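If you're wondering where the values come from, they're calculated on a predicted model, not measured in any experiment. Residue numbers begin at 1 in each chain, while the letters A, B, ... track the order of the sequences. Any value given below was found using the heavy atoms of this structure, including those in side chains, with hydrogens, waters and symmetry copies removed.
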2 protein chains.
Amino acid sequence: MTTMTDVARAAGVSVMTVSNVLSGRRRVSPETRERVLRAVAELDYQVNLTARNLRYGRSGSIALLVPQFDHAYFGALGARVARAIADLGRQVVIEQTTASPEGELSALSLARLHMYDGAIFSVVGLREAELDRIRDSIPIVLLGEREVPARFDHVMMGNVEGARLAVRHMLDRGSRRVLIAGGQRGQDALGMSRARTLGWLRAHDEVGIQADESLILHMTQLDIAHARRAVAAAVAADPGIDGVFGVTDDVAIGALAGLRDVGRQVPEDVQVVGFDNLEIGAHIYPELTSVDPSSDWIVDNAVRLLQARMGDDPPSEAEHLVSPVRLVERGSTRD
Amino acid sequence: MTTMTDVARAAGVSVMTVSNVLSGRRRVSPETRERVLRAVAELDYQVNLTARNLRYGRSGSIALLVPQFDHAYFGALGARVARAIADLGRQVVIEQTTASPEGELSALSLARLHMYDGAIFSVVGLREAELDRIRDSIPIVLLGEREVPARFDHVMMGNVEGARLAVRHMLDRGSRRVLIAGGQRGQDALGMSRARTLGWLRAHDEVGIQADESLILHMTQLDIAHARRAVAAAVAADPGIDGVFGVTDDVAIGALAGLRDVGRQVPEDVQVVGFDNLEIGAHIYPELTSVDPSSDWIVDNAVRLLQARMGDDPPSEAEHLVSPVRLVERGSTRD
DNA sequence: GTGAAAGCGCTAACAT
DNA sequence: ATGTTAGCGCTTTCAC
């Protein structure tokens, strides 16, 4: 391992001069500079960022903590955050949180945060009490469809409104028995499933239809394969179902497959709407009507809040934002 | 920022004792231990991993460098690597290199590698000469469909064989004009596009059909939207096309949409095969026949090689592995 | 079982 | 324009 001292010796200068050449923080005469750079090249020297960071007290990089890498939504989120953060001249590093045995808040993960100048934390499986354990060691902005301690900046999707729009759209177009795949009973709007189920209820109220709670299909996992099986089974058991609101696009895509499996036509027999507006939805058949959660808006705001909190005088009040949503109408619902 | 010194003072012990309690590297009497832990809890102390790593000379975490986050294949790769690495008691951190040579090899990125104990590097846009500039500062295993300097461990997909299987499958089922969407002319098998185009050629040779080079559809970007437009245009211009091999599943999914756009039935009029066997392919309509590149095999081997290289006596010879491939037959091709 | 000193590789602050 | 000193927060080494 070559260090700055090695380079200094090779170039016949002091370490400080090498440091200055490499960081560009002080003027160095062209000849000295030249000699240093030659030594750097010759020894193939690379600065040790761990040491530099320890000295600086910051790292220049920001963490994005997501529950799963292999999920289109988080992939898109990562790409968006990376783009926004790159504009700030910083680097993004993604860490997966649920891979660790203890979960999102293992002592290690928590300590790891110190290695970053800030973090955007997509919370999913975390209870509020656990979240509360996070100290303000570094600036953190939370993303995710659940309530969080008030002291954190938080950006979430317009879950209730988005679900209301989606279900209303189907009810307005003739559906009467709209299954909510991935929904969850309960009156409060704590988690994503409950919030979207609340939107499902609201849409029924608006139209004056009694929502049938047996149409709330709870799912332990919100992936395509599970949704496919669950929806196929639900429709087989209740042939009157003429609409499916998938709480995520993955669930809705699974629903489309499940409906095919039991011989239902979309959108003639059953209309389907998803939530997330993933890119793939515009290219499958039938093309998926979906709630667009304004991902760019979410990321822009998260980055803005993080930047503010990392600045010289961080705001005293935390912001809690809800993204605007809109329905993108495609072929899985009727005109 | 509370440091170990603060904890030591609060507990009335030396920093060394605190360090020993927290790292568990030396025995500490129960009473002292208790006092230290109380102080830690009270001050809400978190070890500074940057400092610890500087001292240790290692970080306990491994980097996965991928070109893009928002790509199903790399998401799945990330999840797989995370799982495999977690079994080793380490953490994975994903960084996006943005596929540009500048992104992949920026001085910063290169220096950043020192912050990790090892790296799995999915190379795409990099020329061999540039790759050669990477020094063996830390153990690195390369992934990716291109030739790399011999001194690196490298795991790649069976590109030629996979493409051959895919195209052979369609030729055997009656297709005569098979478009290769995302292909590239040229005799050598350097990049992914060329390697798969070579497989396309081989399949024709085997069956004794003269491959028509006008069926090699070059694409600058291999995403769904581009593929959709490009394939629709190609089929409109050459109505005799009766098969499409998408060099990736994304391209094939775009092809399915493009074929719908120009009124072609899959698989009756045109058969379609992709490459990657993404999960989504099993759930869209028509379900996508695809080459399975044995992603688990690739990741297991990459992790194994990395572990060997991080061990006490790293192998002197680098390994170059090609994954076994198999065709997964689904509804986008005929029986 | 506990502590003091030294130093990981780097840079800010103070010399020259 | 360059060099010297001190120290970021931690752990290794050597003492007791």
Side-chain angles (χ1 to χ4, degrees), chain A residues 1-37 39-40 43-61 107-108 110-117 137-138, chain B residues 1-37 39-40 43-61 107-108 110-117 137-138:
Chain A
M1 185 73 157
T2 55
T3 77
M4 216 174 241
T5 314
D6 300 329
V7 177
R9 187 166 27 235
V13 295
S14 77
V15 277
M16 230 13 250
T17 304
V18 179
S19 173
N20 289 329
V21 168
L22 292 173
S23 67
R25 288 172 104 85
R26 266 160 62 173
R27 282 202 55 75
V28 177
S29 79
E31 312 88 69
T32 318
R33 196 186 140 73
E34 180 61 27
R35 246 185 321 147
V36 169
L37 287 178
V40 166
L43 298 174
D44 196 46
Y45 169 73
Q46 303 281 354
V47 245
N48 181 326
L49 287 182
T50 305
R52 175 181 279 183
N53 291 344
L54 176 59
R55 194 57 248 240
Y56 274 157
R58 26 165 249 90
S59 71
S61 62
L108 186 64
L110 213 61
R112 286 187 67 77
L113 289 183
H114 286 273
M115 299 185 58
Y116 305 107
D117 295 344
S137 44
I138 61 164
Chain B
M1 185 74 155
T2 53
T3 76
M4 215 173 240
T5 315
D6 300 329
V7 177
R9 188 167 25 235
V13 295
S14 76
V15 277
M16 240 359 266
T17 304
V18 179
S19 172
N20 289 330
V21 169
L22 293 172
S23 67
R25 287 174 106 84
R26 266 161 62 173
R27 284 203 57 75
V28 177
S29 78
E31 311 89 69
T32 319
R33 197 186 140 72
E34 181 61 29
R35 243 177 331 136
V36 169
L37 288 178
V40 165
L43 298 175
D44 195 47
Y45 169 75
Q46 302 281 353
V47 245
N48 181 327
L49 287 181
T50 305
R52 175 182 279 182
N53 291 344
L54 175 59
R55 196 58 250 234
Y56 272 158
R58 27 166 248 88
S59 70
S61 62
L108 187 65
L110 213 60
R112 287 187 67 77
L113 287 184
H114 286 272
M115 300 184 57
Y116 305 107
D117 295 345
S137 44
I138 60 163

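B:N53 is listed as a side-chain neighbour of A:M115, based on a closest heavy-atom distance under 4.5 Å. Contact of the B:H114 side chain with the A:L49 side chain is not registered, since no non-hydrogen atoms from C-beta on lie closer than 4.5 Å. A 4.5 Å side-chain heavy-atom check between A:T50 and B:T50 finds at least one atom pair inside the cut-off. Contact check for B:D44 versus B:T2: no side-chain heavy atoms found under the 4.5 Å cut-off. Side-chain contact between A:V36 and A:V28 is absent, with no heavy-atom pair separated by less than 4.5 Å.
B:D117 places a side-chain N or O within 3.5 Å of a backbone atom of B:G60 that can act as its donor or acceptor partner. Listed for the B:D6 side chain is a donor-acceptor partner under 3.5 Å among the backbone atoms of B:T3.
Under a cutoff of 6.0 Å and an axis angle of 45°, A:R58 and A:Y56 form a cation-pi pair.
Rounded to a whole Å, the CD atom of B:E34 is 13 Å from the P atom of C:dT2. Straight-line distance from the CG atom of B:N48 to the P atom of D:dG7: 18 Å, rounded to whole Å. The nearest whole Å value for the distance from the CG atom in B:N53 to the P atom in D:dT11 is 10 Å. Taking atom CG of residue B:L54 and atom C1' of nucleotide D:dG7, one finds them 12 Å apart after rounding to whole Å. The distance from atom CD of B:Q46 to atom P of D:dG9 is 15 Å, rounded to the nearest whole Å. Taking atom CZ on B:R35 and atom P on C:dG1, their separation rounds to 15 Å, with Å as the unit. Across the protein-nucleic acid pair, A:L22 atom CG and C:dC10 atom C1' stand 11 Å apart, rounded to whole Å. Taking atom CZ on B:R9 and atom C1' on C:dG3, their separation rounds to 16 Å, with Å as the unit.
Heavy-atom neighbours of A:R33 CZ from other residues, nucleotides or ligands within 6.0 Å: at or below the threshold of 12.
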For nucleotides 11-14 of chain C, give me every protein contact, N/O to N/O, under 3.5 Å, one pair per line with atom names.
{"residue": "C:dT11", "atom": "OP1", "partner": "A:R52", "partner atom": "NE", "Å": "2.5"}
{"residue": "C:dT11", "atom": "OP1", "partner": "A:R52", "partner atom": "NH2", "Å": "3.0"}
{"residue": "C:dT11", "atom": "OP2", "partner": "A:S19", "partner atom": "OG", "Å": "2.6"}
{"residue": "C:dT11", "atom": "O2", "partner": "A:R55", "partner atom": "NH1", "Å": "2.8"}
{"residue": "C:dA12", "atom": "OP1", "partner": "A:R25", "partner atom": "NE", "Å": "2.8"}
{"residue": "C:dA12", "atom": "OP1", "partner": "A:R25", "partner atom": "NH2", "Å": "3.3"}
{"residue": "C:dC14", "atom": "N4", "partner": "A:R26", "partner atom": "NH1", "Å": "3.4"}

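Residue B:S14 is the one, among B:S14 and A:T3, whose nearest nucleotide of DNA chain C lies closer to the 5' end (criterion: closest heavy atom). Checking B:A51 against B:R33, the closest nucleotide of DNA chain C that is more toward the 5' end is the one next to B:R33.
As judged by a 4.0 angstrom heavy-atom cut-off over every strand, B:T32 is placed among residues touching the sugar-phosphate backbone only.
Axis deviation across the helix from C:dG1-D:dC16 to C:dT16-D:dA1 amounts to 40°, comparing end segments of five pairs, rounded to 10 degrees.
Taking 4.0 angstrom as the limit, A:T50 places none of its side-chain polar atoms (N or O) nearer than this to OP1 or OP2 of C:dC8.
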